[in-house]
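Values below: all heavy atoms of this structure, side chains included; hydrogens, waters and symmetry mates excluded. The sequence lines fix the lettering, A, B, ..., with proteins before strands; numbering per chain opens at 1. Not measured: the values here are computed from a predicted model.
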Number of protein chains: 2
Amino acid sequence: MKTNLTPKRELSAQIADRIRAAIIDGALKVDSRLPSEAELAESFGVSRPTVREALKRLAAKNLIRTQRGATGGAFVNRMTYREARDDQVTTSTLLLSMNDVSFEAACEARFALEVSCIALACARREDEDLAAMEAELVRQADETITDEAFCASDVAFHRAFVDAAKNPVLSYQLAGAVEAMQPLMNLITYTGRSRARILRRHRRLLTALTARDTAAVHDALDDLAAYTVKIAGEVEAAKAR
Amino acid sequence: MKTNLTPKRELSAQIADRIRAAIIDGALKVDSRLPSEAELAESFGVSRPTVREALKRLAAKNLIRTQRGATGGAFVNRMTYREARDDQVTTSTLLLSMNDVSFEAACEARFALEVSCIALACARREDEDLAAMEAELVRQADETITDEAFCASDVAFHRAFVDAAKNPVLSYQLAGAVEAMQPLMNLITYTGRSRARILRRHRRLLTALTARDTAAVHDALDDLAAYTVKIAGEVEAAKAR
DNA sequence: ACGTTCCCAAATGTCATACAATTGATCCGA
DNA sequence: TCGGATCAATTGTATGACATTTGGGAACGT
C-alpha cells in the first residue's frame, strides 16, 4: 500500500484505491483500525485534507466508518446485506431513470429474475412466508389505498416471495431488481379493475406456492408479467392522447 | 436543497445527501453543472474543504464527475451500465468475503439467477453470441493455462451466455452475481479431469443454446451447478486433510 | 482500597487562506 | 483569418489553526 503515487490522477482517488485494495485482498480485516489521518498523510506524503477526501470516498461506499474521540479513527466496516441492498437499489433506480430504459425491458428483466427463485421457494417456503404474502394481499384488496401504497405492497409481496427461497445472496440480488422497478411502477395509475386483476394473479401465485407447484407458480408469474406490460402500454397510450 | 443543516451529523454527509436527493428526484439533470465549490460553500454556510468532502462522496458513487479549468466544475454524471456493474461486482465480492457465505449458498444463487435468462437467450441468441462462447471453450481446452485463467474464461463464457438474452438490465444484474463468484471459484484447484468435465458441460450448454432448446439448456445448467458444488466439496475435503 | 470527579490527550470535524495546475476563452498581432 | 500569448475561473493540494468528542488516567476524598 506504499508504492509511489502518480501525479496524473487525483491523489485522493489513488489513496482511496490503495486502501480499498488493501481491504478487498484482506490485508485490512473487518473492524481493524486504520492509521490516523495524520499518519496516513505522512505515510502517503500528502496533506490531511487530501487523506480526508480519500476516506470520505471510502465512507460513501460503506467500506469504512469513522469515530471521533480518543480511541476514534477509521475502521473497516463489515458490509451488511442491508447496506449493500440499499446501495444497489439507489444505483439501479438511477440507472433506469437516467438511461430511459423501456418499461418493457425493465419489466422483462424483473420477472425473468424472479423466475430464478421459483424452485427454491417452492421447496423451502414456510408458513410465515405464506403469511407475509397473505398480509400484503389483504392490503391490496383495500380499495381505499393510494396507487403508491398499492405499488409498495406489490413490491413487498414479491420480496416476501423471494425471501421464501431462503437464500440471502439471492434475496440481496433480487431485492435490487424488484425495488428499483418501483418508481417506474408508480407512474402507472391503477384502476379498480386492474387492481382486481393483479390481485387475482397474486392470489394465484400464492396458492401455487402453498401447493409447492412450481409449474403453476411459473405460469402465474408469466401471466402477471404479461398483464403488467399490458396495462403499462394502456397507460402510455392514454397519456399520449 | 437549502434547508438548515443540523449540527448532529457530519456536515459533508448532510450536504452530500442534499445534492444526491436533488439528483435522484430530477432537480439536477444529467450533465448539468453544479455551482462551483466556492458558491456551494457560501450557499450552505460551510467552508470549501467541507464542500469538497461532500463532492468526493458523490464522486465515489459515480453520481458526479469533476473537471478542472475555466469551464470546469462538478457535473451530474450519467450512470452507465458499466460503472453500475463494476460497482456491484466489488460490493458483492466484499459482501461474500466478509460474511463467510457458504460456497453452496453463493453457487446456488448464481446458477439460479442464470436460469432466468435461458428463455430469452434461446429466443434471441445470434451467431456472434455463439462465437464468443465458442472462443472461451477453445481457451478452456488449452491444458497449459493457469487455474485463474481457466476461472476467468469460465466467467467470460457465462457472461456471453447472459448477454445473449439481449436485455441490458438483465446483463447488468447478472454480471454482478456471476463475477462476484470468481474469487470463490479461484480457490478451487482444477485437475485435468475436472476441467475436462466442466468443458464437456459447457459444450453441452452451447449446443443446446445453438439449437434453441430451452429444456436442454436448463438441464446443462443444473448439471453444471451440481458438478461445481461437488468438486468444491472435494477440494474442501482435501484441504481438511 | 475503592469510587468519583476532573482533566488531559488523541483523534476526527471544521475553517480560513494560500498557492499550484489546468483549461477554455479572449485578445492581439502578423 | 489564423496562430499564439495571456487571462480568468475553477478544481487540486498544502498548511495551520481551532472546535468537538471521547476514552482513560490522575487526583482526590471517603
To the nearest angstrom, how far is [X] atom [atom1] from [N] atom [atom2]?
X	N	atom1	atom2	value
A:Glu37	D:dT20	CD	C1'	14 Å
B:Arg9	C:dT12	CZ	P	19 Å
A:Arg48	C:dT17	CZ	P	19 Å
A:Leu40	C:dG13	CG	P	13 Å
B:Glu53	D:dG12	CD	P	14 Å
A:Ile15	D:dA14	CD1	P	8 Å
A:Leu55	C:dT14	CG	P	14 Å
A:Leu11	D:dT13	CG	C1'	7 Å

For the pair A:Phe111 and A:His158, name the ring-plane relationship: parallel under 30°, tilted 30 to 60°, perpendicular over 60°.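 Rings of A:Phe111 and A:His158: perpendicular, over 60°.
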
Taking D:dT13, D:dT10, C:dG13 as options, the one with an atom nearest any side-chain atom of A:Arg52 is C:dG13

B:Ser36 has its side chain closest, among C:dT14, C:dC15, D:dT11, to D:dT11

If we ignore angles and hydrogens, is there a donor and acceptor under 3.5 Å between the side chains of B:Thr50 and B:Ser47?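 Yes, side-chain donor-acceptor contact under 3.5 Å.
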
Could you check whether [X] pairs with [Y] (Lys NZ or Arg NE/NH1/NH2 to Asp/Glu carboxylate O, under 4.0 Å)?
X	Y	answer
B:Arg124	B:Asp129	no
B:Glu136	B:Arg139	yes
B:Glu10	B:Arg57	yes

Of all of residues 67-79 of chain A, which get a heavy atom below 4.0 angstrom from DNA chain D, listed by number?
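Of all residues in residues 67-79 of chain A, the ones placing a heavy atom under 4.0 Å from DNA chain D are A:Arg68, A:Gly69, A:Ala70, A:Thr71.
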
Taking atom [atom1] of [X] as the centre, report whether more than 12 heavy atoms of other residues, nucleotides or ligands fall under 6.0 Å from it.
X	atom1	result
B:Glu148	CD	yes
A:Arg82	CZ	no
B:Glu104	CD	yes

Check your understanding: Reckon A:Arg33 touches a base, only the sugar-phosphate, or nothing at all at heavy-atom distances under 4.0 Å?
Key ->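 Sugar-phosphate contact only - A:Arg33 comes under 4.0 Å of backbone atoms but never of a base.
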
Query raised in the report: Looking only at atom types and distance, does a side-chain atom of B:Arg18 sit under 3.5 Å from a main-chain N or O of B:Phe44, one as donor and one as acceptor?
Result: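 No, the answer is negative, given that no donor and acceptor are paired below the 3.5 Å cut-off.
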
Discussion item. Between A:Thr50 and D:dA14, is there a contact of a side-chain N or O with OP1 or OP2 at under 4.0 Å?
Written reply: yes

Distance check: side-chain N/O of A:Ser12 vs OP1/OP2 of D:dG12, anything under 4.0 Å? no

- Task: Rounding to 10 degrees, work out the angle separating the end axes of the helix from C:dA1-D:dT30 to C:dA30-D:dT1 (five pairs an end).
- Result: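 Inter-axis angle at the ends, rounded: 10°.
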
